[in-house]
Amino acid sequence: MSIATPTTPVIPAFDKGLGNTVAAETQMSFIDGGRGVLEYVGIEIDALARNSTFEETVFLLWNRRLPKQSELNAFSEQLRAEYALPQTLVNLIREMPRAAGPMHVLRTLVSALSLFDSEVDNDSVEANNHKAIRLLAKTPALIAAFDRHRKGKPIVEADTSLTMAQNFLYMLNGSKPTESMARALDVCLILHADHGLNASTFAARVTISTLSDMYSAMVTAIGTLKGPLHGGANEEVMIMLNEIGSIENVDAYIAEKLRKRDRIMGFGHRVYKAIDPRATYLKTFSKQVAADTGNLNLFEMSRRIEEIMAKEVAAKGIYPNVDFYSATTYHSIGIDLDLFTCMFAMSRIAGWAGHCIEQLDGNRLIRPNAAYIGPHQQPYVAVDQR
Ligand code: ACO
C-alpha cells in the first residue's frame, strides 16, 4: 500500500515571539515604540499620570472618553460597592500557607472569586461589565488580606469612603495612608492600567476568544504576568538594588553582569526602542517619593545604572522600562518586594478586562499555526521492537 506524500500546507512565515504580528484591534492604548509614545484613548500617558486618578483612567479605558464629574462619582460608587470579599473567601485566605508566593495566591484567589459570582457564565456585555467591576474592585482586598494573614495580623475590611489606592493601603497597613503615599500608588496604577497586546493581555484575549469566562481569562493573564520577562521584572529590579547595596558598588556590578551577557532587569522592551514613556514620569516622581521616605540611595543607584546602560547598550534600543522606577516607588511606599507584581496585576485587571470585552465584540477564536519541523512518514514500531 502506498503512503500518501504529505502536501506542504500554506502557512504564513514564522514570526518568533510574534513581534511582527498584529493579532487584535483595540481602542484603548496606542503605542509608538520608536518615538516612545503611549496614549490611552488618544491622551498621552504623561498627562494622565500628572492629572488623572486610577478610577478616572479606568473609566476612560472602558468607555473611550473621560467622564463628567457625576459619571466619575457614579463609577467610583459602583467600584466601592464591590470592595468587600465574600466571608467564605476570607476564611479560605486564613487557611492558606503563609509562605506561599503572593502571585500564586492571587492567581488562586481570583479563580476562587468566580465561585461567588452568579453571573460567572453569563457572557452578555452587561454581565461582563459587572464582572470587570467586581474583579477590579475586589483584587486589592485579596492581596491585602493575604499579606495580613501571612504576617499573623487581623484582616482589615475595606473602607468604602476611600479611593482604590487609599483603600488598598488602608487594608494592607491597618491605617489610612498619607495623601502622598496614596498618590504615589495611584500614579503607578494609572501607568500600568493598559499596554496594547502585551503577553498577559494576549493570553487573556486567547482565553476569552474560546468563549470561556472573564475569571478564567484573568487567571490566565495573572499566570502570564508573573514571569520575570514580563511583570515579574519589578521584583527582580528590587532584588538587584538590594544585591548592589550602595552606589559605590553599581559600576562593578553592572559591568560584571554585562560581561556575562546577563540581562539587567527593568531595561529593554519588545516594543519601545526609545525610553518607555511610563518610565519618564516615574523617574521624576520616584525621586520625590524616595526623597520623602528616606530612600534616596535607591534612586541614586537606579540613576547610575541608567547612566551606565545608556553608554553600554542604548545603541541596541535598550532603555529603562516602567518596572525600573516602579520598583523604587513601591519600596518607598512600604510595599513588600514580593507584592510588586501583584500591584501590577491590581492595575492591569483594567486593561485585561477591557480587552476581553473588546475581543468578544466580533470575536474570532485566536488560533495561530505552528510550523512543524519534525520528520514525516515514519513507521510505527511495535513497543517490543523499539
Ligand atoms: N539587559 C541587557 N541586554 C538586554 C536586555 C537587558 N535587560 N534586554 C535585551 N537585551 C539585549 C539582548 O541581549 C539582545 O542583545 P544581542 O542582540 O546582542 O543578542 C538585544 O538586547 C535584543 O534582545 P531581545 O531579547 O531580542 O529583545 P526582546 O524584544 O525579545 O526582549 C525583553 C524584550 C524580554 C523585555 C528584554 O528586554 C528583557 O529581558 N528585559 C529584562 C526584563 C524586563 O525588564 N522585563 C519587563 C518588560 S516591561 C513589562 O513587562 C512591563
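In each ligand, atom 1 is the first atom listed, and ligand 1 is the first ligand listed. Heads up: numbering here begins at 1 and tracks the sequence.
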Sub-4.0 Å atoms of ligand 1 with respect to non-hydrogen atoms of [X]:
X    : answer
G266 : 43 (C), 44 (O)
A233 : 43 (C), 44 (O), 45 (N), 46 (C)
D323 : 46 (C), 49 (C), 51 (C)
F344 : 51 (C)

**Request:** Would you check if there is a donor-acceptor pair between the side chains of S52 and T57 at a distance under 3.5 Å?
**Result:**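 Note: T57 and S52 side chains meet the donor-acceptor criterion.
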**Message:** Under a plain distance cut-off of 3.5 Å, with no hydrogens placed, do N363 and S209 share a side-chain donor-acceptor pair?
**Reply:** no
**Request:** Measure up the F75 and W62 rings against each other and bin them: parallel (under 30°), tilted (30 to 60°), perpendicular (over 60°).
**Result:**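 It falls in the perpendicular class, over 60°.
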**Prompt:** For atom 41 (C) of ligand 1, what's the nearest protein heavy atom and its distance?
**Reply:** F267 O, 3.3 Å
**Centroid-centroid distance, F54 to H192, less than 6.0 Å** = no
**Asked** Quick one: are the ring centres of F324 and F267 less than 6.0 Å apart?
**Response**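 F324 vs F267: aromatic centres under 6.0 Å.
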**Item:** Any residue meeting side chain to side chain donor-acceptor pair (under 3.5 Å) with N242, in chain and number order, not counting sequence neighbours
**Value:** none
Could any protein non-hydrogen atom be found less than 4.0 Å from [atom]?
atom                    : result
atom 13 (O) of ligand 1 : yes
atom 33 (C) of ligand 1 : yes
atom 19 (O) of ligand 1 : yes

Among [options], whose heavy atom sits nearest [atom]?
atom                    : options                : result
atom 16 (P) of ligand 1 : M265, R261, K16        : R261
atom 1 (N) of ligand 1  : N321, I264, I254, T341 : I264
atom 23 (O) of ligand 1 : M309, K316, R263       : R263

**Listed partners of D213 passing salt bridge (Lys or Arg N to Asp or Glu O under 4.0 Å), at least two apart** =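 If we apply the salt bridge (Lys or Arg N to Asp or Glu O under 4.0 Å) test to D213, skipping adjacent residues, there are no hits.
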**Message:** Under 3.5 Å between any N/O of R270 and any N/O of ligand 1: does that happen in this structure?
**Reply:** yes
**Asked** Which part of L229 is near ligand 1, with near meaning a heavy atom under 4.0 Å away: side chain, backbone, both or neither?
**Response** both
**Item:** R50 and E44 ion-paired at < 4.0 Å
**Value:** no
